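Please read all numbers here as calculations on a predicted model, not as lab measurements. Order of the sequence lines fixes the chain letters, A, B, ..., with proteins taken first and strands second; residue numbering starts at 1 for each chain.
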Amino acid sequence: MNDSQPPLGLLKSEPPQEEKFADWDAVAATEEFRQLLRRKARFIVTACVFFITYYFALLVLVGYAPRLMERKVIGVVNIAYLFALSQFFMAWIIAALYVRAAARYDETATRIVRNFRGPK
Amino acid sequence: MSAPLWMFLAFVGATLVITWWAAKRSHGSDSFFAANRRITAWQNGFAVSGDYMSAASFLGIAGLIAFSGYDGFMYSVGFLVAYLTVLLVVAEPLRNAGKYTMADILAFRLSPRPVRAMASLSTLTVSIFYMIAQMVGAGTLVALLFKGSGITYEYAVCGVGALMIIYVTFGGMLATTWVQIIKAILLLGGTFLLSLFVLARYHFSLGEFFDAVSHVTYTVKGHAVTRNFLQPGLKYGSGYGPLDLISLGLALLFGTAGLPHILVRFYTVPDAKAARLSVVWAMFLIGVFYIMTTFLGFGAATLMGPDYITANGGTNMSAPLLAKVVAGDVFFAFICAVAFATILAVVAGLTISASTSFAHDIWTNVIHKGVERSKNEEVKVARLTALVVGVVSIALAIVLKNANVAFLVGLAFAVAASANLPVILLSLFWRRFNTAGAVAGLATGLAASIILILISPSIMGIDAADVKPALRHFIQSPAIFPLSNPGIVSIPLGFIGAVLACLLTREPAAEAKFAELKVRAHTGIGAEKAIIH
């Protein structure tokens with residue numbers, strides 16, 4: 001058997017693939033785990049609704065309001081191009097916010113695992 | 001020998017050395033299928049970019065923008081924003097609860113054999129469609145680039161096929177990963193230099209550049225016209241155009257997170273956190289690349305114009321021709337070599353994901369009920385599959401030599417979005433989801449995408465007598481379905497198929513295992529570990 005890193009307080013003597021951890025329902029039922037899922041869901045659903053709306057707003061406006069989108073803003077550069085360009089920054093900002101939020105989810109997840117398995 | 005050929009041979013030489021190095025370090029399944037799960041986040045970010053930015057992106061989008069202006073840039077936007085779906089929804093649960101393939105996540109709490117068989121069918125379909133588009137592109141490109149050097153379409157297709165077989169069968173996932181990393185660096189570097197050369201022509205003034213973009217003159221049906229290329233609507237402006245654009249957007253947004261060759265990349269990193277960070281790396285690299293398509297595409301439109309490009313090889317040659325015009329023959333050679341590296345890295349990624357799916361899903365789990373009968377059987381089967389996939393792709397690419405196969409990339413995205421993504425989402429987030437739902441969802445999404453494409457303007461249409469054979473429609477009759485992109489219909493159908501079949505049946509065992517899947521997916525307990533030799 002290959003040596004494996006023991007992350008999340010995993011016992012080294014345990015074979016890594018065949019982990020004995022039968023009490024999935026017990027973990028799933030803890031308040032801490034349910035709260036983790038609620039927090040994650042709140043962030044992810046909000047982020048998804050926002051980015052999907054923002055993205056399809058571009059496609060819909062480009063398709064059905066071309067006169068508005070052709071309006072020039074900086075020199076000859078029009079709303080259509082700037083809106084399209086802003087999508088890149090929107091995606092990067094959401095990714096950055098998610099990474100920050102996910103660092104907190106990681107802490108909670110580590111704590112949940114430790115509570116159930118003991119810190120050994 | 002020509003300069004492009006030398007540069008291409010240098011790249012091939014380097015990748016073969018990597019394959020030899022990777023082959024020496026490859027022992028066992030985790031090594032072959034998942035590079036021992038020891039690829040770091042930044043490495044995987046580059047590899048995901050290398051796997052994703054296909055010839056369709058580099059050559060295709062540059063050409064689309066050069067000919068259709070702003071509407072071509074819509075592809076660039078969609079290709080990046082799509083990664084938010086990968087980042088927020090798919091990458092981490094997949095890494096935590098799966099092993100080698102997309103089907104692992106479905107088979108987790110559903111009945112493994114039917115689900116794996118369907119998921120693998122869908123994976124193989126996406127891979128083969130995508131592969132044929134890349135191979136035919138490679139062959140056509142070579143025929144144009146090395147005109148007069150004796151290298152024909154057939155040689156090029158066989159060469160690309162042989163190389164991808166070698167990378168995958170000998171070097172497995174480790175070699176494939178490094179081929180993709182090197183290719184991503186070359187592609188980003190080449191695109192950056194090309195953008196600089198374009199901007200230099202406009203004295204590094206964005207104002208001057210966009211002024212030129214706002215009036216491009218070219219010939220339409222014998223008349224010279226001047227158009228503002230920043231204006232939307234040159235391609236998707238009339239009739240069903242806007243709806244087609246939205247349908248395309250849907251397929252990109254939901255298809256990327258269902259592309260099997262992208263999903264398997266997340267098994268190569270040590271844990272879910274590394275998977276997450278690798279998506280962020282990829283989003284940065286892919287975003288920068290697609291923003292630069294502004295300079296490639298619009299640069300080609302302003303500095304050469306559609307007429308010149310048409311006369312010198314056509315849409316897909318826009319980027320290489322631009323390199324020649326702005327920086328001469330040596331840079332042209334470099335950009336051509338980059339285009340090849342691009343194709344090679346993508347086909348290698350497709351080959352390994354197709355072979356992994358066949359060996360792990362069909363062979364081991366469907367046919368032999370999850371038991372490897374001899375040591376390393378799964379890897380042996382995967383190697384053999386890679387060989388078969390390679391040979392079949394070569395044969396198909398040669399048969400389809402003069403066919404217009406650009407729509408196959410769109411089809412691959414449509415299948416990924418309509419068949420794969422709905423069932424991945426439902427199995428991760430809906431307790432009630434079951435085997436019948438997964439099989440029906442995959443089947444409906446797959447069938448709907450293929451049928452709608454077959455009756456769409458990509459396949460059906462009436463051509464004038466003077467249209468070249470390569471550009472003629474396969475079926476000479478008016479299209480039944482008006483959109484070239486089926487996503488807006490096929491994605492909802494995929495979801496409806498999955499949900500309906502699920503509501504008609506009950507599977508208590510699948511519901512009982514939902515808690516385990518949740519805990520595994522969100523805490524990483526029991527996730528596959530990195531292997532340290």
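Interatomic distance, I291(B) CD1 to Q87(A) CD, rounded to the nearest 0.5 Å: 11.5 Å. Taking CG of L58(A) as the start and CG of L245(B) as the end, the distance is 8.0 Å to the nearest 0.5 Å. For the atom pair I112(A) CD1 and I525(B) CD1, the distance stands at 8.0 Å (nearest 0.5 Å). To the nearest 0.5 Å, atom OH of residue Y55(A) and atom CE of residue M74(B) are 7.5 Å apart. Note that CZ of F73(B) and CG of L85(A) are 6.0 Å apart. Values are rounded to the nearest 0.5 Å. Atoms CD1 and CG, on I79(A) and L230(B) in that order, are 13.0 Å from each other to the nearest 0.5 Å.
For the options A103(A), A84(A), C48(A), P66(A), heavy-atom pairs under 4.5 Å to chain B are most numerous at A84(A). Considering only heavy-atom pairs separated by less than 4.5 Å from chain A, the leading option among L248(B), V89(B), T294(B) is T294(B). Among the candidates L517(B), I246(B), D71(B), V288(B), the residue making the largest number of heavy-atom pairs closer than 4.5 Å to chain A is I246(B). Among G207(B), G241(B), G28(B), G78(B), the residue with the largest count of heavy-atom pairs under 4.5 Å with chain A is G78(B). Most heavy-atom pairs under 4.5 Å with chain A: of the set V280(B), V213(B), D211(B), this distinction falls to D211(B). No other option in D106(A), I44(A), T108(A), V99(A) has as many heavy-atom pairs under 4.5 Å with chain B as D106(A). Looking only at heavy-atom pairs under 4.5 Å with chain B, the residue among F56(A), F89(A), Y105(A) that has the most is F56(A). Options S214(B), A272(B), A512(B) differ in how many heavy-atom pairs under 4.5 Å they form with chain A, and the most are formed by S214(B). Between chain B and the options A28(A), A91(A), A47(A), the largest number of non-hydrogen pairs under 4.5 Å is found for A91(A).
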>> For L84(B) and F50(A): C-alpha separation, side-chain torsions, deciding distance, then whether side chain to side chain contact (heavy atoms under 4.5 Å, CB included) applies.
In response: CA-CA 11 Å; L84(B) 283 174; F50(A) 178 79; over 6 Å; no
> How far apart are the C-alpha atoms of F83(A) and V77(B), what are their side-chain angles, what is the distance that settles it, and do they pass the side chain to side chain contact (heavy atoms under 4.5 Å, CB included) test?
Replying inline: CA-CA 10 Å; F83(A) 195 3; V77(B) 174; over 6 Å; no
>> Go through it in stages, so that I can follow the logic: the residues are F33(A) and T523(B), the test is side chain to side chain contact (heavy atoms under 4.5 Å, CB included), and I'd like the CA-CA distance, side-chain angles, deciding distance and then a yes or no.
In response: CA-CA 9 Å; F33(A) 182 75; T523(B) 62; 3.8 Å; yes
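Residue V279(B): no heavy atom, backbone or side chain, is found under 4.5 Å from chain A. For L277(B), the part sitting under 4.5 Å from any heavy atom of chain A is the side chain, from C-beta outward, and nothing else. In this structure, chain A has no heavy atom under 4.5 Å from any part of Y240(B). Within the 4.5 angstrom heavy-atom criterion, only side-chain atoms of Y98(A), from C-beta onward, approach chain B. Of the two parts of F298(B), only the side chain, counted from C-beta on, holds a non-hydrogen atom closer than 4.5 Å to a non-hydrogen atom of chain A. Using a 4.5 Å cut-off between heavy atoms, N228(B) touches chain A through its side chain atoms alone. Neither the backbone nor the side chain of F514(B) comes within contact range of chain A; no heavy atom of the residue lies under 4.5 Å from a heavy atom of that chain. Interface remark: L243(B) contributes backbone and side-chain atoms alike to the contact with chain A (heavy atom separation under 4.5 Å).
Taking both residues in full, the closest heavy atoms of G249(B) and L59(A) are given as CA-CD1, 3.8 Å, listed atom of the first, atom of the second, then distance.
Residues V81(B) and M90(A) have side chains in contact (heavy-atom distance under 4.5 Å, counting atoms from C-beta outward). Taking 4.5 Å as the limit, some side-chain heavy atom of F43(A) sits within range of a side-chain heavy atom of L88(B). Taking 4.5 Å as the limit, every side-chain heavy atom of V62(A) sits out of range of all side-chain heavy atoms of Y236(B).
For R100(A), the CZ atom sits in a loose shell: 12 or fewer heavy atoms of surrounding residues, nucleotides or ligands are nearer than 6.0 Å. In R104(A), the CZ atom is not crowded: 12 or fewer heavy atoms of neighbouring residues, nucleotides or ligands sit closer than 6.0 Å. The environment of K273(B) atom NZ is sparse: at most 12 non-hydrogen atoms of other residues, nucleotides or ligands sit within 6.0 angstrom.
Checking side-chain atoms of D25(A) against main-chain N and O of A515(B) turns up no donor-acceptor pair under 3.5 Å. Remark: the backbone N or O of A80(A) is paired with a side-chain donor or acceptor of Y70(B) at under 3.5 angstrom.
Relative ring orientation between F284(B) and W92(A) is described as tilted, the plane-to-plane angle lying within the 30° to 60° band.
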